[in-house]
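Whatever order the structure lists them in is the order used to number ligands and atoms, beginning at 1. Positions are given from 1 along the sequence. Fair warning: this is a prediction, and the values are worked out from it, not measured in the lab.
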Amino acid sequence: LHGSLKTPVRVRFAPSPTGYLHIGNARTALFNWLIARKEGGAFVLRIEDTDPARSRPEFTRALMDDLRWLGLQWDEGPDVGGLYGPYFQSLRKHLYQSQIDRLFDANRAFYCFCPPGEAPKIDWICRELSPSRVRERLARGEPAVIRFRVPEDAPPVTFTDLLKGELRFEPKEIGDFSLMRSDGMPLYNLSCVVDDHAMDISLVIRGDDHLSNTPKQILLYQFFGYEPPQFIHLPLILGNDGTPLSKRHGDTSVAAYRSNGFLPQALVNFLALLGWNPGTEEEFLPPDRLLELFRLDQLNVAPAKFNLQRLLWLNGKFIRAMDVEDLARHFWRELQNAGFSDASYELVRRITPLFQERVETLKDIVVKARFFFVDPWPIEESLTKKYLSDARLPEIFRQILHILESGEDLNPVRIEPVVKQCIQEGGFKLKEVLQPLRVILTGMDASPGIFETMEALGKEKVISRLRRFLSSA
Ligand code: GLU
């Protein structure tokens with residue numbers, strides 16, 4: 001690290017509630033949370049709802065819900081409170097306004113009337129408008145933005161990024177950045193600096209996409225006479241083609257992964273490895289282990305690639321490590337959500353061990369165990385062709401049916417040797433018969449062990465599916 005960490009550590013996650021929690025932002029939140037937990041510091045949640053046109057309370061609720069689901073509980077923020085509240089920027093307008101007054105008094109702010117998108121970097125014209133002209137145009141209702149006047153003779157702005165080292169920006173490149181809209185709503189750089197200072201934030205961890213904002217913020221810190229926090233800018237997350245992760249690459253919201261059957265611990269593990277290297281071969285890192293190993297100086301400087309296969313693999317690992325009752329409850333919910341209303345918890349609990357080793361997401365259960373709840377009839381044509389066209393099958397199935405009907409239940413310990421013997425005596429290889437049997441009972445050519453599957457399906461369903469095949473053959 002380029003520097004040592006200021007303590008006590010106070011970090012914040014500062015989302016704008018203009019959409020759902022994005023994977024990249026979740027990673028930012030995670031690193032903030034990890035460092036706070038690790039250093040015994042405070043993790044602050046601040047809602048940057050200063051854009052009334054795009055901010056929505058339902059996004060705030062969803063963000064908080066997703067963060068909690070990930071296990072990233074904040075120590076201060078909306079709904080839990082704290083000494084530095086309120087934690088909604090829309091409730092802190094007076095603070096920004098009083099700093100704007102200071103900037104105007106020192107002639108470091110000016111009104112800019114340029115049409116949006118057309119303002120020059122250094123705005124010589126608007127900067128020099130006379131106060132009376134400005135009043136006149138404002139009175140006419142002309143839209144204006146309040147901008148910061150970058151001093152002409154300012155030296156280069158420098159600051160240290162704990163990961164990247166010292167960075168340097170020329171004032172000309174920084175330009176007269178915007179501070180506030182004429183309706184009194186602050187813009188990001190102003191409200192961010194005012195609040196990071198007011199909330200005593202010691203370390204700002206955010207994405208590289210904000211790197212060009214930091215020199216602007218440093219200029220504000222300098223003007224206000226505040227000591228800036230420390231900074232870490234996290235490298236971008238890239239899709240598999242090397243361009244920044246976006247919708248084109250697939251799901252980018254935490255909510256999507258959540259509803260697609262991913263476990264929060266798996267997502268947290270995955271996000272941690274996107275930008276951090278534990279320095280060991282270990283990849284499976286439950287939250288406790290993650291906290292144990294996490295160190296800021298092992299954050300990566302190079303962009304990280306989002307690898308869905310790795311996420312699926314990790315999710316599978318977490319599913320295998322789960323308590324079976326717990327997993328059964330998750331499976332049950334997935335099956336209910338999929339509309340299998342007669343999936344009783346008892347039945348789901350019974351079949352859970354059959355699938356614990358065979359799914360990568362919780363949602364996979366809906367496809368893989370479908371045949372327990374939906375009769376797989378008629379069998380797909382391609383499967384029929386491939387597995388059920390052998391003319392000798394009906395005869396051997398009749399014999400198997402006879403065996404199955406003769407017992408009370410389908411206990412594999414009893415059934416399996418007898419059925420296998422019967423198949424071999426009939427002159428078949430085992431899989432020549434067992435694979436067709438699987439197709440008939442499940443409508444699929446992959447399932448858990450066929451004897452366990454038969455037992456779980458129950459005698460009644462097995463026999464009726466087999467009979468139906470025989471009467472159609
Ligand atoms: N509201 C900003 C964002 O969501 C916060 C950036 C920062 O952490 O300073 O990108």
Collect the protein residues that have a non-hydrogen atom under 4.0 Å from ligand 1 and hand them over in chain and number order.
Arg12, Ala14, Pro15, Ser16, Glu48, Tyr188, Cys192, Arg206, His210

Distance-only donor-acceptor pairs under 3.5 Å for side chains of residues 114-126, two or more places apart:
unit_1: Lys121; atom_1: NZ; unit_2: Glu173; atom_2: O; d: 2.7
unit_1: Asp123; atom_1: OD1; unit_2: Cys126; atom_2: N; d: 3.3
unit_1: Asp123; atom_1: OD2; unit_2: Arg147; atom_2: NH1; d: 3.0

In chain order, what residues pass the side-chain hydrogen bond (donor to acceptor under 3.5 Å, both in side chains) check against His249, with sequence neighbours excluded?
Asp241, Thr243

May I ask you to check whether Phe31 and Phe294 place their ring centres under 6.0 Å from each other?
yes

Mark yes or no: Arg10 above the aromatic ring of Tyr84, with NZ or CZ under 6.0 Å from the six-membered ring centre and no more than 45 degrees from the axis.
yes

Could you pull out all donor-acceptor pairs under 3.5 Å where a side-chain atom in residues 52-66 meets a protein atom, sequence neighbours excluded?
unit_1: Ser55; atom_1: OG; unit_2: Asp51; atom_2: O; d: 2.9
unit_1: Asp65; atom_1: OD2; unit_2: Arg258; atom_2: NH1; d: 3.3
unit_1: Asp66; atom_1: OD1; unit_2: Arg258; atom_2: NH1; d: 3.1

For Trp276 against Leu293, the heavy-atom pair lying closest together
CZ2-O, 3.7 Å

